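Below is one structure, written out as structure tokens; comments come after it.
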Amino acid sequence: MVIGEGSSTAYLNPGEVKTIMAEALASLPLDGKRVLILIPDGTRTMPTPMLFTLFQELLELRVQALDYLVALGTHPVMNDVQLTKLVGHPVVDGRTGGSWVHNHHWENPASFVQLGTIPAAEIGKITGGLMSVDVPVTLNKLILDYDHLLVCGPVFPHEVVGFSGGTKYFFPGIAGAEIINFTHWLGAVMTNYNVIGAGYTPVRAVIDRAAAMIPRPASCFALVVTHDGLAGMYFGTPQEAWSAASALSAQKHIVYVDKPFRRVLSIMPELYDDLWTAAKGMYKMEPAIADGGEVVIYSPRLTEVSYTHGKLIDEIGYHCRDYFLKQWDRFKRYPGGVLAHSTHVKGLGQFDPVTGIETPRIHVTLATGIPEERCRRINLGYLDPGSINIEEWRGREREDVIVVPRAGEVLYRVRNKAAAEG
């Protein structure tokens with residue numbers, strides 16, 4: 001049974017949030033138990049300080065241990081200053097009060113335990129024959145130190161899985177490299193254009209199958225958040241809560257337009273520190289860009305491609321899916337997650353292995369602090385951010401030009417998909 005509520009036209013006030021959380025947590029047999037709460041890092045919009053305070057208030061006296069694990073995926077590990085900002089309470093040496101706030105140390109192989117393997121035959125059925133390989137399921141072994149796992153995170157349209165949230169906080173949130181690379185490459189082969197905002201996808205099915213191997217009970221608060229407030233909060237199993245939240249997210253986070261845009265200026269908020277995360281300004285716009293159109297990712301403060309994977313991206317560059325698939329022997333040694341990111345940024349396109357000519361459907365241009373030489377080397381366009389006058393971009397919708405402030409969370413689609421395809 002799902003506990004909670006949401007609305008496409010209103011927002012929950014703090015009292016309503018506390019009521020939902022109190023009812024939800026009271027429904028769980030947590031007295032005297034050790035509880036681990038998975039939360040997002042600073043690249044997700046969520047009222048984490050308010051929720052952290054409520055968890056402490058509602059659970060601290062009930063449970064034996066109440067700790068947190070930041071579901072980083074492969075994002076950079078957070079220091080105490082960043083963790084303090086994230087949870088809204090002073091964090092010193094990874095602790096605040098009586099609680100640990102753990103980083104997910106994805107970079108350390110000793111952090112993981114293997115829970116099992118999804119066999120190739122099952123993967124073949126889930127993916128409709130698209131892929132058929134054994135997928136090892138590894139997860140942060142901290143989960144074994146606790147009696148109950150709680151996920152608390154927002155749900156948005158997502159380029160790899162359809163909609164984020166739910167069991168995605170386990171995979172890739174605190175998962176090992178094998179399943180991260182597999183699921184991301186699966187999503188890339190399906191393409192961001194077709195996956196993002198698509199509901200229940202084969203990638204989600206793989207993640208749910210892996211989550212069934214977790215040897216601890218898990219519950220989930222799935223949130224629907226906009227910059228105006230908390231539109232929905234749903235509690236239940238990770239699958240139940242995600243299902244309710246993704247239905248509301250489809251109403252709150254997807255904008256339908258009558259015809260595709262020719263140019264888009266995606267203004268990226270400060271929560272994105274590198275292109276790896278700021279590329280959402282492309283992902284969320286791609287389905288609404290006309291053939292031959294352009295997305296400009298605007299963030300003068302952004303100076304790095306990826307703090308984690310930048311070296312590999314410098315090697316392979318940004319390319320459409322078929323550039324890799326038709327030269328697989330050349331690229332198969334690279335992590336699937338990095339290849340997937342590359343294709344998601346570049347978007348749909350074609351590649352002729354005979355001529356070596358790549359033809360992207362649209363153009364992606366960086367107006368950031370990343371130097372022009374590096375932009376060209378990684379196969380993206382460059383525009384001097386100092387040359388952009390945002391006001392000159394505004395009010396040009398009749399020219400099929402649009403400015404998207406705080407880009408990265410709202411998905412744009414053409415109401416009649418055939419119009420976007422020419």
Side-chain angles (χ1 to χ4, degrees), residues 2-4 6 12 17 20-21 24-25 35-56 59 66-75 78 82-83 85-88 101-104 106 139-140 142-143 146 148-175 180 183 197 203-204 207-208 210-211 214 216 218-227 229-250 252-253 271-272 277 280 408-410:
V2 174
I3 295 171
L12 299 172
V17 173
I20 293 170
M21 291 182 65
L25 295 172
V35 177
L36 181 67
I37 303 178
L38 275 62
I39 58 175
D41 66 7
T43 65
R44 302 295 187 267
T45 298
M46 188 174 96
T48 305
M50 176 181 72
L51 300 174
F52 184 93
T53 298
L54 288 172
F55 278 126
Q56 297 296 114
L59 286 180
L66 178 60
D67 298 325
Y68 300 81
L69 177 57
V70 183
L72 290 169
T74 61
H75 291 178
M78 303 179 74
Q82 294 167 321
L83 291 173
K85 181 179 179 181
L86 179 70
V87 303
V101 184
H102 298 288
N103 277 288
H104 167 57
W106 56 268
L139 206 61
N140 192 309
L142 267 175
I143 63 165
Y146 296 86
H148 198 100
L149 308 176
L150 276 173
V151 171
C152 183
V155 173
F156 291 101
H158 192 271
E159 64 277 4
V160 172
V161 70
F163 282 90
S164 63
T167 51
K168 186 177 177 293
Y169 274 82
F170 295 113
F171 308 97
I174 61 168
I180 289 179
T183 52
V203 181
R204 170 67 62 177
I207 288 172
D208 280 349
I214 298 173
R216 296 290 184 274
S219 307
C220 177
F221 288 95
L223 315 179
V224 180
V225 188
T226 76
H227 302 300
L230 184 56
M233 170 179 269
Y234 302 96
F235 174 84
T237 67
Q239 293 82 4
E240 292 170 337
W242 172 84
S243 182
S246 63
L248 181 57
S249 175
K252 296 294 293 184
H253 297 140
L271 71 164
Y272 303 128
T277 51
K280 292 180 184 295
E409 291 176 341
V410 173

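The chain is numbered in sequence order, starting from 1. Fair warning: this is a prediction, and the values are worked out from it, not measured in the lab.
Taking every heavy atom of both residues into account, Cys152 and Leu223 meet most closely at SG-CD1, 4.4 Å. Nearest heavy-atom pair across Ala241 and Gly236 is CB-N, 3.9 Å.
Expressed to the nearest 0.5 Å, how far CZ of Phe171 lies from CG of Leu139 amounts to 4.5 Å. The structure places CG of Leu248 at 4.5 Å from OH of Tyr234, a figure rounded to the nearest 0.5 Å. Expressed to the nearest 0.5 Å, how far CD1 of Ile143 lies from CG of Leu69 amounts to 9.5 Å. Remark: Thr183 OG1 to Arg204 CZ distance equals 10.5 Å, nearest 0.5 Å. Here the CG atom belonging to Leu149 is positioned 15.0 Å from the OH atom belonging to Tyr169, to the nearest 0.5 angstrom.
Applying the salt bridge (Lys or Arg N to Asp or Glu O under 4.0 Å) rule to Lys168 yields no partners; only residues at least two apart in sequence or on another chain are considered. Under the rule for a ring-ring contact (aromatic ring centres under 6.0 Å, His included), the partners of His253 that lie at least two apart in sequence or sit in another chain are Phe156.
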Would you mind writing out the side-chain donor-acceptor pairs for residues 45-53 within the sub-3.5 Å range, not counting sequence neighbours?
from  : atom 1 : to     : atom 2 : distance (Å)
Thr45 : OG1    : Glu409 : OE1    : 3.1
Thr45 : OG1    : Glu409 : OE2    : 2.7
Thr53 : OG1    : Pro49  : O      : 3.0
Thr53 : OG1    : His89  : NE2    : 2.9

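Remark: side-chain polar atoms of Asp41 are not paired, donor with acceptor, to backbone N or O of Leu72 under 3.5 angstrom. The main-chain N or O of Pro154 is never found under 3.5 Å from a side-chain atom of Arg44 such that the two would form a donor-acceptor pair.
Using cut-offs of 30° and 60° on the angle between ring planes, the pair Trp242 and Phe163 is perpendicular.
The only member of Leu38, Thr74, Ile174 that meets side chain to side chain contact (heavy atoms under 4.5 Å, CB included) when paired with His104 is Ile174.
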